[in-house]
Amino acid sequence: MMNKTEKILVLDFGSQTTALIGRRIREFGVYTEIIAGDAPLTEAVLTGVKGVILSGSPDSVYDEGIAPDKRIYECGIPLLGVCYGLQRMTTDLGGLVEPLAKMEYGGVEVEIQIDGQKIAHRQFLAAFDAAISLDQLLENGGSEETRAYEPLSDSTLQFSARFTAWMSHGDTLTRLAPGFVQAGTSASGFPAVALHQEKPWVGVQFHPEVSHCERGSEILAAFVFSVCHCKKEWTMERYVEEVRAELSARAGDNPVLLLISGGVDSTVVGALLLKTLPTEQAHLMYIDTGLMRKNETQGVKKTLEKLGAKNLYIIDAETEFLAALKGKEEPETKRKIIGDLFITIQEREVARLGLPESYFLAQGTLYTDLIESGKGVGKKARLIKSHHNVGSPLVDAKRNAGKIIEPLDRLYKDEVRALGRLLGVDEDVVTRHPFPGPGLAVRILGEVTREKCDILREADAIFIDELKRRRAPDGTGSLYDEVWQAFAALLPVRSVGVAGDSRKYGWALVLRAIVSSDGMTADVYRFPMKDLLEISGMITNTVKEIGRVTYDISSKPPATIEWE
Ligand code: XMP
């Protein structure tokens, strides 16, 4: 897919910020692809590649750090080394990298100094020039004139600049590789920017992709547009056209089955199927475990019908799930029961549909699901995003038969949202917070009963509705949009309270609201106290079984986002 499009290839050596490099460049309107750092660079992989970025890594080049395919230095494509990426280029090309006595970490001042050197790509230096804005650099992506590469030949250049970069490394370049010049120096006196004198190879010892790195976006933009001469052609409209053409070609006349969870990803895949294939060809199945949020099942039905779904199967499995969970208190036991039962019901119901063997299974796998954080893409087999994060025999069988369709597997989460909007999915669905596969079962601590599900559903709905209704302190959007995930959880404790003249014994409820970028780590959202107090009052006034409301002030780590 996307082979016709120009792209920037990112070689992932395992840094936690590799995915960010891809994000930033896509935001410029240029398609990027992240592949494993040591992936073979075959002709097919390099088709359309205008530049390669070598990412950072937690490893050292002289230790267990992996090396790129040597063809990278022979193919003539521009290279940008980021931290480990530059160290890698330095070692591979005959320089020396050694450990620092003291790590360079956080904001570090960098001085750029070019004086009388023969530099092959003066355009790149614009990245460090405070007089040149990001917008000016981005304009290069649109215009044809700036696409000619201008080596500086023998003329000399003088340039100096200063900015604060963001660093995180314990190794330094003690000898540059032949042909490179040191164009920038860190406050502690180590090389921070290195440029090759003749080839379009540049490297930085810091992380331009990190938002608090000054001139970071400019550095990436200068590389992409001024060194690689990419055009801005990555747009969602264009992607949709390509993905739809591919979907039609792959599916042919065969039925396509999609298991809908109600979340953003599977709903957007549903919309894509419904807007691309004849409606009868798309089969959508949703299993209501009874562990869903208030009005969730009706909402899913309404959304899909509005998108034109005809073959929509809503499976009511509440009784089966609650019966299986009866008397079970241990979190892992509960999760296992739900996961296993989900698979059993899924297989039973899919068999009941009687689809021909040739049917395809569509999945809402995202690009980020394939990038295993911190380990490097491709080191692990494709992750399969199943409803409960456990292997599903149905998905495995379909994958082995080459019958899986994953139309979102090139997209980041916000791109999926943009795609959803383009396809006419309601804003409410597109901006929905994540919800765990086992649903309310991991938010009701201890035994799950229908009564507790109902209590929690009511309280959670009040909390969420209020977050949607209330403005964030800076007034820009709602509190709901401000937080990454919010929900209520029901504790297995009852506490004493007063109601009129008598004592009352009510359940304790926890509200949780966090900010995060990917759910891997999370910070507590700092609500204005007024909002918390008012929401607490509304819950205890409306849901009589709840006697006390608390706010969870634990970050992740050490706590997880969910309670079980
Ligand atoms: P934790 O609780 O592990 O959650 O900090 C991180 C994110 O993952 C969601 N989550 C799940 N999602 N199936 C899912 O599809 C699950 O079993 C599951 N458990 C947690 C959680 O809501 C949060 O967004």
Side-chain angles (χ1 to χ4, degrees), residues 16 19 258-269 286-293 296 300 321 324-325 328 330-343 345-346 363-374 383-392 394-395 406 408 412-414 416-417 429-445 448 456-457 460 463-464 467 480-491 510-525 552-564:
Q16 295 209 328
L258 172 69
L259 303 165
I260 294 265
S261 69
V264 183
D265 309 339
S266 59
T267 309
V268 172
V269 177
Y286 167 86
I287 300 176
D288 180 353
T289 58
L291 305 165
M292 324 306 282
R293 288 162 288 190
E296 184 152 15
V300 167
F321 276 94
L325 287 168
K328 302 291 190 274
E330 219 272 314
E332 280 315 305
T333 312
K334 283 160 59 180
R335 276 181 175 268
K336 173 123 185 32
I337 288 173
I338 296 168
D340 290 350
L341 184 56
F342 196 87
I343 287 169
I345 297 179
Q346 180 180 294
Q363 290 226 115
T365 314
L366 302 195
Y367 197 38
T368 31
D369 296 327
L370 304 176
I371 305 172
E372 202 204 357
S373 174
L383 289 181
I384 299 159
K385 185 182 182 185
S386 69
H387 197 55
H388 293 288
N389 310 345
V390 291
S392 154
L394 175 74
V395 176
E406 292 171 312
L408 310 183
Y412 289 86
K413 191 82 176 187
D414 347 351
V416 171
R417 296 204 161 100
V429 180
V430 160
T431 54
R432 196 142 213 221
H433 290 173
F435 186 63
L440 299 186
V442 293
R443 295 178 178 175
I444 293 172
L445 280 81
V448 179
L456 182 56
R457 263 192 278 272
D460 183 73
F463 183 35
I464 298 301
L467 295 187
Y480 185 82
D481 295 333
E482 194 89 337
V483 301
W484 193 81
Q485 191 173 9
F487 57 87
L490 195 65
L491 299 185
V510 181
L511 302 181
R512 183 128 172 87
I514 53 102
V515 282
S516 174
S517 58
D518 53 9
M520 304 292 285
T521 58
D523 281 325
V524 177
Y525 181 68
D552 181 350
I553 52 167
S554 310
S555 60
K556 173 184 180 176
T560 49
I561 297 174
E562 301 293 343
W563 268 60
E564 279 193 345

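One-based numbering, in listed order, for ligands and for the atoms of each. What's counted below: heavy atoms across the whole structure, side chains too, no hydrogens, waters or symmetry copies. Not measured: the values here are computed from a predicted model.
The ligand atoms of ligand 1 that sit less than 4.0 angstrom from a heavy atom of P438 are 13 (N), 16 (C), 17 (O). Close contacts of ligand 1 with W484, meaning ligand atoms under 4.0 Å from a residue heavy atom, involve 24 (O). Less than 4.0 angstrom separates some heavy atom of K556 from each of these atoms of ligand 1: 1 (P), 3 (O), 5 (O), 6 (C).
For ligand 1, the polar-atom distance check against R443 finds no nitrogen or oxygen pair separated by under 3.5 Å. Where the criterion is an N or O separation shorter than 3.5 Å, residue side chain and backbone included, I561 meets it with respect to ligand 1. Among the atoms of G437, some N or O lies under 3.5 angstrom from an N or O of ligand 1.
Checked for salt-bridge contact, K556 and D523 miss the test: no charged N lies under 4.0 Å from a carboxylate O.
Summarising the geometry of A441 relative to E564, their closest heavy-atom pair is O-OE1, 3.5 Å, with the distance given to 0.1 Å. Residues L490 and L456 share a closest heavy-atom pair of N-CD1, 4.0 Å. Of all the heavy atoms in V483 and V515, the pair that sits closest is CA-CG1, 4.2 Å.
At a heavy-atom cutoff of 4.0 Å, ligand 1 is contacted by no atom of F487, backbone or side chain.
Residue contacts with ligand 1: H433 is excluded, as none of its non-hydrogen atoms falls under 4.0 Å.
Below 30°, between 30° and 60°, or above 60°: for F342 and F321 the angle between ring planes is between 30° and 60°, a tilted geometry.
A donor and an acceptor atom, one from each side chain of Q485 and S516, are nowhere located under 3.5 Å apart.
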